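Heavy atoms only: backbone and side chains are in, while hydrogens, waters and symmetry mates are out. Numbers for residues simply follow the sequence, beginning at 1. Just follow the structure's listing: the first ligand is 1, and inside any ligand the first atom is 1. All of these numbers come straight from a predicted model, not from anything done at the bench.
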Amino acid sequence: MSRTPFELFDIDGLLSEEERAIRETVRAFVAAKVRPHLAQWYEEAAIPARELARELGGLGVLGMHLEGYGCAGTSATAYGLACLELEAGDSGLRSLVSVQGSLAMFAIHRWGSAEHKDTWLPRMATGEAIGCFGLTEPDFGSNPAGMRTRAVRDGDGWVLSGTKMWITNGSVADVAVVWAQTSEGVRGFVVPTDSEGFSAPEIKRKMSLRASVTSELVLDGVRLPGDAVFPDVRGLRGPLSCLDEARFGIVFGALGAARDCLETAIAYAGEREIFDRPLASYQLTQAKLADMTLELGKGMLLALHLGRLKDAGRLAADQVSLGKLNNVREAIAIARECRTILGAAGITLEHPVMRHANNLESVLTYEGTSEVHQLVIGRALTGESAFR
Ligand code: FAD
């Protein structure tokens, strides 16, 4: 009798009944509604984002860890498990949910005025409205403090000018949370995307995260009312608080992509006959599977530990960096190793492995690159900041 990697680690024994139920619901949704279409969406670089958002809203995963406004108010760990199951489908699907819930909705929930929350959160929780989060610029990714997008006061209102780059959900969003320099430091603005002067051309020819919308945001003198700004937060503390949320989801999510690759490779190795025997029966193959299972299981134990810390209100940003750095790095290594087990078949969209591997290249880069997380951990260990 064989056991799956997570069974071998008895991961289920570490989850509550409710957490297992949420995981099963999301897994069933991905299997029924998403998985059959993924290869086509990826190949065509086109996803039915609006339809998907409504279905994900119906499933209850949009802003699921937030309280009120139609959000489910689950634990952070349950949210992480949902991210894992979504990313076992495709990192693009998890990105849609992460950006909606952890970046755009979280920003409004944490920093928005009562009116921002009432206007946007209920519609975002159902998926009727899609959000995006504009922090990165063409010349400022790892160092957002240098951003050039500027908001200046104009009478009672504001005028926003600048360009944001690599923005997930940008072209399909109804609302953009945009971070800009002001005379009082960086501030966040809630920008309806039908505002005059706002446009969001889609970025084409991506080789990674093809089943996800990525866009530029162009703010050409966008006029906003005075109350469009987040009232109580100034400086990078605002956007960084949101990034911590999204990074937490990735700690779990990346393992979903890795698990899908590993399960695919195990199944393939069991069926593929080479030199008259199943590939799975060779010691070299078993060594690969054993090593990958160890990394997957260790990553899951780390994710669950961080989840429990977050649920206890004790998770620090540098601890999220431990999880993001390790789990994405190991996930991409697992995806590449699984590809070798599938041989030539591994390079096609008939199997999910290379799709996951390519997606994980983006996951490695966004929400803080591996190098940025190494620097965060290095600073925590030495007290020395090596960022510049
Ligand atoms: P750079 O900052 O130019 O980095 C280039 C290289 O330099 C990297 O390897 C980096 O690790 C390294 N580096 C940086 N600093 C140091 C240092 N001090 N020492 C040594 N090496 C260093 N952004 C958003 O705001 N919203 C989104 O929704 C969003 N979605 C995205 C979706 C996709 C598919 C992708 C690919 C990106 C997305 N991003 C988004 C942008 C993402 O956050 C940035 O790409 C990321 O922060 C890195 O910035 P950069 O690409 O400009 O790389």
Point to revise | Pair listing, side chain to side chain donor-acceptor pair (under 3.5 Å) test, anchored in residues 59-71, at least two apart | key: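 Pairs touching residues 59-71 that pass the test: H65-E245.
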Under 3.5 Å, which donor-acceptor pairs link side chains of residues 248-263 to any protein atom two or more places apart or in another chain?
residue : atom : partner : partner atom : Å
R259    : NH1  : E85     : OE2          : 2.9
R259    : NH2  : E85     : OE1          : 2.9
D260    : OD1  : R35     : NH1          : 3.3
D260    : OD1  : R35     : NH2          : 3.3
D260    : OD2  : R35     : NH1          : 3.2
D260    : OD2  : H356    : NE2          : 2.8

Cut-off 3.5 Å, no hydrogens considered: what does the side-chain donor-acceptor table look like for residues 294-304, sequence neighbours left out?
residue : atom : partner : partner atom : Å
E295    : OE2  : K298    : NZ           : 3.0

**Study point:** Pairing of E137 and R148 as salt bridge, 4.0 angstrom limit
**Key:**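 No, no charged N to carboxylate O under 4.0 Å.
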Would you mind listing each N/O atom of ligand 1 next to any protein N/O under 3.5 Å, plus the distance?
residue  : atom   : partner : partner atom : Å
ligand 1 : 2 (O)  : S142    : N            : 2.9
ligand 1 : 2 (O)  : S142    : OG           : 2.6
ligand 1 : 9 (O)  : E371    : OE1          : 3.4
ligand 1 : 11 (O) : T369    : OG1          : 2.5
ligand 1 : 11 (O) : E371    : OE1          : 2.7
ligand 1 : 18 (N) : F387    : O            : 3.0
ligand 1 : 23 (N) : T136    : OG1          : 2.7
ligand 1 : 25 (O) : L135    : N            : 3.0
ligand 1 : 25 (O) : T136    : N            : 2.9
ligand 1 : 25 (O) : T136    : OG1          : 3.1
ligand 1 : 26 (N) : F133    : O            : 2.9
ligand 1 : 28 (O) : T168    : N            : 3.0
ligand 1 : 28 (O) : T168    : OG1          : 3.4
ligand 1 : 30 (N) : W166    : O            : 2.7
ligand 1 : 30 (N) : T168    : OG1          : 2.8
ligand 1 : 39 (N) : W166    : O            : 3.1

Check your understanding: So, for Y366 and W166, is the gap between ring centers shorter than 6.0 Å?
Key ->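 Between W166 and Y366, which both carry aromatic rings, the centre distance is not below 6.0 Å.
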Check your understanding: So, H373 and S370: side-chain donor and acceptor under 3.5 Å apart, yes or no?
Key ->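 On atom types as modelled, these side chains do not qualify, holding no pair under 3.5 Å.
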